[in-house]
Every structure is written in C-alpha cells, then in structure tokens.
Amino acid sequence: MHCGLCLDNCPTYRALGTEMDSPRGRIYQMLQVDEGRLALGDSFVTHIDRCLGCLNCQTACPSGVQYGHLLETTRAQIEQSYQRPRLQRKLREHFYAHVLPSFGKLSRSAKWLRFYQRSGLQSLARATGLLKAMGVAELDELSPRIESDFSFRDLGKVFPAEGERRGRVALLIGCVSSVAFAELNRATIRVLTKNGIEVCIPEAQSCCGALHAHAGYLDLARVQARKNIDAISKISPEFDAVVSNAAGCGAAMKEYGVLLEHDAKYAERAREFVTKVRDVTEYLAEVGLREPKRKLKARVTYSDPCHLAHAQGIRKQPRALLKAIGAEVIEMPRADSCCGSAGVYNVVQNEISMKILDEKMDFVAMVEPEIVVTANVGCMLQLSAGTKRRGLHAEVKHVIELLDQAY
Ligand code: SF4
Ligand code: SF4
C-alpha cells in the first residue's frame, strides 16, 4: 500500500517535508535495499537515523503495517553492515555495551556529571558563553539533573502495602531514571503502597534494553531481557505485575516475547513475562485509586508519550487518574504527537528534535495549562526544555508526581 495516510502524522515529515523522511519513503528505501537496488550507504542510513521510532505512523496506518519491527530489523542490519565513522562507532559501543548495562558504571558516570552540574563548572560554562561557542548549549539544557540519592540503594528492598493489601508488584527502576529521576521512583513506590500495593525492587534487575533495540543492538537488548526475566523469576511469591513508570521501558518489556521468540530457553518465559508487564498508570487504573487526601485544583494538559499511546495503546488511563484526583484536564490539539525526545534522539539529532519540539509547544501554548503532564521521563526533560524555549510558565510533571502530591 502507498496510501500516504501516515505522512501527516510523521514528525520528521512535518519538520522536513521530504518523502525520504516519511514512513512511506523509509519503507520504500528499506525495500530497495532489501532487493539490492539501493546501497546500504550514507544516504539510507541518514534517513533511517532521522526516524524517531515514535510509531505515530503505525497508529495512523489503516493497513496495519508494523513499522516498529521493520525499523528495528533495519537498524540491526545497519549496525552489522555499515561502517559508521570511527569515533561515533566507539562512543556508541561504549555507551550501549558498557555504560547502560552496568548500574555500577552508570552510577560512576552520573557522579561525574553531577560534579560538573553542582561544582559551579556548569554555571561558569553557561555564563561565559562557552557552551554556546561550542554549539552544545541546547544539549546542556537537555541533560538531566543528576540527583543526590540514586535508586540503586533500593535494589532488593520490599516496601509493604499500607492498609489492606490489594496487590504485589515488581518495580523496574530504570537505568537513567535511577540517577536522574530517583525521586520519581520513590514517588511511584509511595503512590503504590498508599494504594495497598506491596512493591518489590528485584535486586538483579537491569536496564530494559529499549535504547539498545532502538539503536540496532538487538543482541545486547536480548541480554538485558534475559537478565530481567531471571531477576523477576528469582523472587517469590508471584507478582501480580511487573511495573514501570517510563513508557519506553514498559513498551520494550512488552516486546520481550518477540525479541526472544527464537531463544529455545527463554521464549516461553518471555511470553509469560510479557503478560505481567504494566505501565504504572495502566496498573493503577486497573486496581482503582483509593480516595486521595486532597484534590488537585489545577488546569493541566496531558501530552501522550509515544511509547505509551502508540506502542502500548494506553491513553485513557493517565487521563482518568488525573481526573480522579480533581485535575481539570484540557486537551491540546495533537496531544499524542511526538515531542522529539525519543531516547537519545534529542542529543544526536538535536536540530530536527528542536523543530519537532517547537511545533509541540505551539499545541501546548494554545490551551494555556498550569501544568503539562506526561508519563515518561524522556518526555519530561524535552517538554521542560520546550516550556523554557517558549517562555511558558507551566510546570512539567509526571502523572505519578501529581498523584503523590494528592496523597
Ligand atoms: S516512527 Fe515516527 S519518525 Fe519514524 S517514520 Fe514513523 S512517524 Fe515518522
Ligand atoms: S505505512 Fe500504512 S499509512 Fe503509510 S503509506 Fe504504507 S500503508 Fe499507507
């Protein structure tokens, strides 16, 4: 099919206006490469690298084209057959193969970044215009603020339910989230336990593998998937759910069945694991909220994270939770359009990402919210940068942070 109904929903097509940067154009190029009529070279890689993997096109497609799987397979093919420039290759390998999979290395890298942020070096670099001169001022603005206390200290702990126990879950704390959103993880534990849910933090858990899969490192993503399946199965008794507060991690874990389908030892276990995975908003909507202590009297707008709306089909639950705590939820136009964050996309494709963000902020500005709410850590950073760029006074919050305030 070449209907093109996906084009208007594709953020890179809207930003760049070129067919080769649209879903239809990218699928066409994939077919050409597959048939040997187009080289797997610089041009092809550029157009595939520019894709956010946001899956807005998959939702729009009336023919059910599974673009996400096409993209991941293509990216894996690129990593196997295409020579990226040496420095880029080394940096990618170091980040994906060594830093992300190791909570220890991630923690050490985060401490260096925290030192830069808090020692005055960052303020100095900003004030002197050094970052602007180096062309990295926007990247600096997008880098997450590293917290004092990382979530890793909670590995292996169990947080008891308050009042009558209504459920038992395993919580995935995430790699980047553990150093930059540890307070959000703690808020997630508080909201769950206040709602009568016992929360276990499996000690042997690891990064979910989402960033690896999106970058084309499918084998590394499989290693992460196996680690998490093992980590959960070590703990008994059984869980009702494996919960994540990051849309990208939840979506990746729901794909473990496909990722490990040819693994004789793990295929069955992966399928079982997937049946338990829930986004925290999905899980809370399922069990039902207890009456909060106070109502949130604020005008909010909800920005759907792509990996929640388009990858997991979760749209109603976060809105229902916000309404349940008294928020006035105002719908912005195209609430489920991508904000341009997409893992490390806003860093490696900064210019396109900022164009996409600026359009998103047009939609946000139209409804003049007091708070922009989302349900993914990457989107929170991007939207915060967007409100600053646009000069909006709205705060940016995760659904869970508002629930935490209400309790
Ligand atoms: S995944 Fe997103 S950026 Fe990529 S083609 Fe689809 S809509 Fe466009
Ligand atoms: S991906 Fe789907 S919506 Fe896009 S051109 Fe092909 S058939 Fe049409």
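The model shown is predicted, which means the values in this text are computed figures rather than measured ones. Atoms within a ligand are numbered from 1 in the order they appear, just like the ligands themselves.
- A salt bridge links Asp362 with Arg390: at least one charged nitrogen is closer than 4.0 Å to a carboxylate oxygen.
- For the atom pair Lys397 NZ and Leu403 CG, the distance stands at 12.5 Å (nearest 0.5 Å).
- At a 4.0 Å cut-off, at least one heavy atom of Pro62 sits close enough to ligand 2 to count as contact.
- Near Gly4, the atoms of ligand 2 lying under 4.0 angstrom from a non-hydrogen atom of the residue are 5 (S), 8 (Fe).
- With respect to Arg166 and Asp240, no salt bridge is recorded, no charged nitrogen being found less than 4.0 Å from a carboxylate O.
- Not a single N, O or S atom of Cys6, from either the backbone or the side chain, sits less than 2.8 Å from atom 8 (Fe) of ligand 2.
- Salt bridge Arg84/Glu79: present, at least one basic N to carboxylate O contact under 4.0 Å.
- At a threshold of 4.5 Å between non-hydrogen side-chain atoms, the residues Gln224 and Pro101 count as touching.
- For atom 4 (Fe) of ligand 1, the nearby protein N/O/S atoms, meaning those under 2.8 Å, are Cys51 SG.
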Show me the donor-acceptor pairs, under 3.5 Å and distance only, between side chains in residues 365-375 and residues at least two apart or in other chains.
| unit_1 | atom_1 | unit_2 | atom_2 | d |
| --- | --- | --- | --- | --- |
| Glu370 | OE2 | Arg299 | N | 2.8 |
| Thr374 | OG1 | Ser303 | O | 3.0 |

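- Screening Cys306, Pro23, Cys6, Cys61 for a side-chain contact (heavy atoms from CB on, under 4.5 Å) with Asn56, the sole residue that qualifies is Cys306.
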